[in-house]
Amino acid sequence: MSDFDPWADERDTPSSPSSTAQRPGDSPTAEPDSWWGDANAGGATLRPARRTQPASGAQQAPREPSILTVCTGNICRSPYMERVWAYELAPIGVRVSSAGTGALVGQPIEPGSARLLEARGVDTSNYAARQLTEEMVAGADLVLAATREHRRLIVQVAPFALRRVFAVLDFADLCEGLTPADVARARGDNVVAQLVAAAGSRRAQVPARQDDAADVVDPFMRGDAVFRQMQAQLDGPLATISRVLSPSV
């Protein structure tokens with residue numbers, strides 16, 4: 001979609017009757033419409049999982065703040081984001097995980113991404129690619145996708161999460177200019193939820209990127225030069241988001 005506007009998607013719409021996995025504080029959203037694009041992109045058809053509604057009045061235990069990163073195969077872009085943030089945000093207790101819309105389930109991190117991570121002292125062991133599920137999205141305070149098409153697919157799986165799912169480069173643009181104090185003043189159950197609220201409040205002030213500048217390149221089976229291009233696209237935005245969450249990074 002050449003005219004896709006990521007900020008225009010953040011709107012108040014009627015609640016979806018099929019969405020039972022809403023978390024406290026999630027805004028209701030409509031059923032999928034045309035802006036979600038091709039549901040079969042990346043070679044996978046994603047369907048919402050069947051979930052049960054928590055009993056009325058049930059107490060939900062507090063949980064650690066969490067970020068989920070998503071790409072297609074879950075072996076190049078999303079694990080790069082996951083492991084960089086897991087390393088940088090561990091001191092403030094943020095849990096970071098990743099998944100793929102068409103995951104190569106069980107595979108390790110692709111060697112091209114692994115070499116880039118290891119060069120900066122980040123551990124790449126004990127990793128296995130995972131297929132994205134509704135439960136994974138429901139368990140995250142922020143979901144960051146490698147591309148806008150991944151974002152559409154994620155929201156198709158979990159419409160209730162619309163307001164906390166972003167393409168990573170778009171989200172970094174919203175975070176540019178924020179300070180930790182801005183995040184601390186925002187509403188939310190934890191620091192990541194507060195970051196989502198603070199960044200979302202800037203939609204009217206931040207021009208959306210053109211489509212050709214909004215997506216992180218897929219380096220799978222394309223050589224080290226493309227992996228370095230992926231790294232160059234991601235390192236600045238990852239650092240921007242990290243600094244807002246943790247000034248010591």
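Numbering starts at 1 and runs along the sequence shown. The basis for the numbers below is simple: all heavy atoms, side chains too, and nothing from hydrogens, waters or symmetry mates. None of these values were measured; they are calculated from a predicted model.
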Nearest-0.5 Å distance, CD1 of residue Ile75 to CD of residue Gln107:
6.5 Å

I need the Leu68 CG to Arg164 CZ distance, nearest 0.5 Å.
10.0 Å

Please report the shortest heavy-atom distance between Phe227 and Pro219, naming the atom on each side.
CE1-O, 3.3 Å

Is it true that Phe171 and Val217 fall in one hydrophobic cluster, defined by side-chain heavy atoms closer than 4.5 Å?
yes

What's the shortest heavy-atom distance between Glu134 and Ala158, and which atoms?
CG-CB, 4.3 Å

Testing the basics here: between Ala161 and Val137, what is the closest heavy-atom pair and its distance to 0.1 Å?
CB-CG1, 3.5 Å

Determine the minimum heavy-atom distance between Ala114 and Ile109, stating which atoms define it.
N-CG2, 3.7 Å

Can you sort out the partners of Ala197 under side-chain contact (heavy atoms from CB on, under 4.5 Å), two or more places apart, ordered by chain and number?
Ala186

Strictly distance-based, threshold 3.5 Å: is any side-chain N or O of His150 a donor or acceptor partner for the main-chain N or O of Ala167?
no

List the residues meeting side-chain hydrogen bond (donor to acceptor under 3.5 Å, both in side chains) with Gln194, not counting sequence neighbours, and say none if there are none.
none

Can a donor-acceptor pair be found, under 3.5 Å and without considering hydrogens, that links the side chain of Arg120 to the backbone of Val84?
no

Can you sort out the partners of Val192 under side-chain contact (heavy atoms from CB on, under 4.5 Å), two or more places apart, ordered by chain and number?
Pro65, Ile67, Val94, Asp141, Leu142, Asn190, Leu245

Main chain of Gly200, side chain of Arg203: is a donor-acceptor contact present, judged purely on distance under 3.5 Å?
yes

Is there a side-chain contact between Phe166 and Leu174 in this structure, where contact means two heavy atoms from C-beta onward sitting under 4.5 Å apart?
yes

Under a 3.5 Å distance rule, please check whether Thr69 uses its side chain to pair with a backbone N or O of Val96 as donor and acceptor.
no

Between the side chain of Gln233 and the main-chain N/O of Asp215, is any donor-acceptor distance below 3.5 Å?
yes

For Arg83 and Ser113, what are the C-alpha separation, side-chain angles and deciding distance, and is it a side chain to side chain contact (heavy atoms under 4.5 Å, CB included)?
CA-CA 10 Å; Arg83 290 299 170 101; Ser113 287; over 6 Å; no

Contacts of Asp218 that satisfy salt bridge (Lys or Arg N to Asp or Glu O under 4.0 Å) - sequence neighbours left out
Arg77

Spell out, as yes or no, whether a donor-acceptor pair under 3.5 Å connects the side chain of Arg130 to the backbone of Ala99.
no

Rounded distance [0.5 Å steps], CD in Glu110 versus CG in Leu116:
11.0 Å

Closest heavy-atom contact between Gln205 and Pro207?
O-CD, 3.6 Å

side-chain hydrogen bond (donor to acceptor under 3.5 Å, both in side chains) partners for Tyr87, two or more places apart
none

Between Thr240 (side chain) and Gly236 (backbone), is there a donor-acceptor pair under 3.5 Å?
yes

Knowing that exactly one of Val70, Val143, Leu162, Leu144 qualifies, which makes a side chain to side chain contact (heavy atoms under 4.5 Å, CB included) with Arg151?
Leu162

Of all residues at least two apart in sequence or in a different chain, which pass the side-chain hydrogen bond (donor to acceptor under 3.5 Å, both in side chains) check with Ser98?
Asn74, Glu82, Tyr127

Set of residues satisfying salt bridge (Lys or Arg N to Asp or Glu O under 4.0 Å) with respect to Arg222, sequence neighbours excluded
none

Partners passing side-chain contact (heavy atoms from CB on, under 4.5 Å) against Ala214 (at least two apart in sequence or in another chain):
Arg148, Asp170, Arg209

Applying the 4.5 Å side-chain criterion to the ILVMFWY set and letting contacts propagate, would Val183 and Ile92 be lumped into a single cluster?
yes

Hydrophobic clusters join Ile, Leu, Val, Met, Phe, Trp and Tyr when side-chain heavy atoms are under 4.5 Å apart, directly or via other members; which others share one with Val105?
none

Check this for me: Arg187, atom CZ, are more than 12 non-hydrogen atoms of other residues, nucleotides or ligands nearer than 6.0 Å?
no

Partner residues of Asp224 under the salt bridge (Lys or Arg N to Asp or Glu O under 4.0 Å) criterion, sequence neighbours left out:
Arg115

Contacts of Leu234 meeting side-chain contact (heavy atoms from CB on, under 4.5 Å) (sequence neighbours excluded), chain-then-number -> Tyr80, Met81, Val168, Val216, Met230, Leu238

As an exercise, state the distance from CD1 of Ile241 to CD of Glu176, rounded to the nearest 0.5 Å.
10.0 Å

Test of understanding: with side-chain hydrogen bond (donor to acceptor under 3.5 Å, both in side chains), list the residues that count as partners of Asp182, not counting sequence neighbours.
Thr179, Arg185

Distance, nearest 0.5 Å, that separates OG of Ser66 from CG of Leu89:
12.0 Å

